[in-house]
Amino acid sequence: MAQKFWLMKSEPDVFSYDDLLKAPSKTTCWEGVRNYQARNLMRDDFQIGDGVLFYHSNSDDAGIYGTATVVKTAYPDHFAFDKKSDYFDEDAFKKQTNPWVMVDIKAQSAFRQAVTRARLQAESRLADMMVLKKGSRLSVQPVSEDHFRIIAQLGGL
DNA sequence: GCCAACGTTGGC
DNA sequence: GCCAACGTTGGC
């Protein structure tokens, strides 16, 4: 299957691209997705080798900081059953059925310069990107190959 | 800090 | 099944 491309949002105060670079093997599990649309993308469409744009949301410095690659396809997000986790899902725990999954991603290339949200907005070729649409809250979004390449270029890769 | 947009919940 | 109320996201 052809390589696909994604944008994944993270609040840098919680987990930044820098944190990913510092993680063992520059790899992390992407726990805590609690939205069915985003889950379905990870569960059904993520393939090993897919490209990821790492986006910092809810920040004064919102934007894309680097790329990553999918190194493990969807598997159960056990944090949903972990009472000590911020991502504990009481409802799912009571039913003893866990609907949530996560994937593993590995840092690929840090951008030489971050591609800020303002920079994304200024680039007419990116005008129809989902992340730039008003009210776009989906934390895992599909990205076209063209957009991925344009952004990697803007990031200095 | 404000608030618009969105997803979910629950009463009816 | 409708929809108002609510909680959350995230840009500004």
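Chain naming here is simple, since letters A, B, ... match the order of the sequence lines and numbering starts at 1 in each. From a predicted model like this one, the values you see are computed outputs, not experimental measurements.
- Between A/E90 atom CD and B/dT8 atom C1' the separation is 16 Å, expressed in whole Å.
- The distance from atom CD of A/Q141 to atom C1' of B/dA5 is 14 Å, rounded to the nearest whole Å.
- In this structure, the CD1 atom of A/I64 is 15 Å from the C1' atom of C/dG11, given to the nearest Å.
- In the set B/dT8, C/dG11, B/dA5, the nucleotide with an atom closest to the side chain of A/K134 is B/dA5.
- In this structure, A/R39 atom CZ and B/dG7 atom P are separated by 15 Å, rounded to whole Å.
- Distance CZ/A/F54 to CG/A/D18: 10.0 Å, rounded to 0.5 Å.
- Listed nucleotides: C/dG10, C/dG11, B/dA5. Nearest to the side chain of A/R117: C/dG11.
- When the P atom of C/dG10 is taken as reference, atom CG of A/L138 falls 9 Å away, rounded to whole Å.
- Contact check, A/Q121 against C/dC12: a side-chain N or O comes under 4.0 Å of OP1 or OP2.
- In this entry the distance linking NZ of A/K133 with P of C/dC12 reads 14 Å, nearest Å.
- Side-chain N/O atoms of A/Y55 include none lying less than 4.0 angstrom from OP1 or OP2 on C/dT9.
- As a whole-Å value, the separation of A/K9 NZ from C/dT9 P is 10 Å.
- Distance CE (A/M130) to P (C/dG10): 13 Å, rounded to an integer number of Å.
- At a threshold of 4.0 Å, the pair A/D77-A/R39 does not count as salt-bridged, since none of the basic side-chain nitrogens sits closer than that to a carboxylate oxygen.
- A/E90 CD: 12 or fewer foreign heavy atoms inside a 6.0 Å radius.
- Comparing A/G135 and A/D91, the nucleotide of DNA chain B nearest to each residue sits closer to the 5' end for A/G135.
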Would you tabulate the side-chain donor-acceptor contacts of residues 100-109 of chain A under 3.5 Å, counting partners in other chains and residues two or more places apart, or write 'none'?
unit_1 : atom_1 : unit_2 : atom_2 : d
A/W100 : NE1    : A/D89  : OD2    : 2.7
A/D104 : OD1    : A/Y75  : OH     : 2.5
A/Q108 : OE1    : A/T67  : OG1    : 3.4

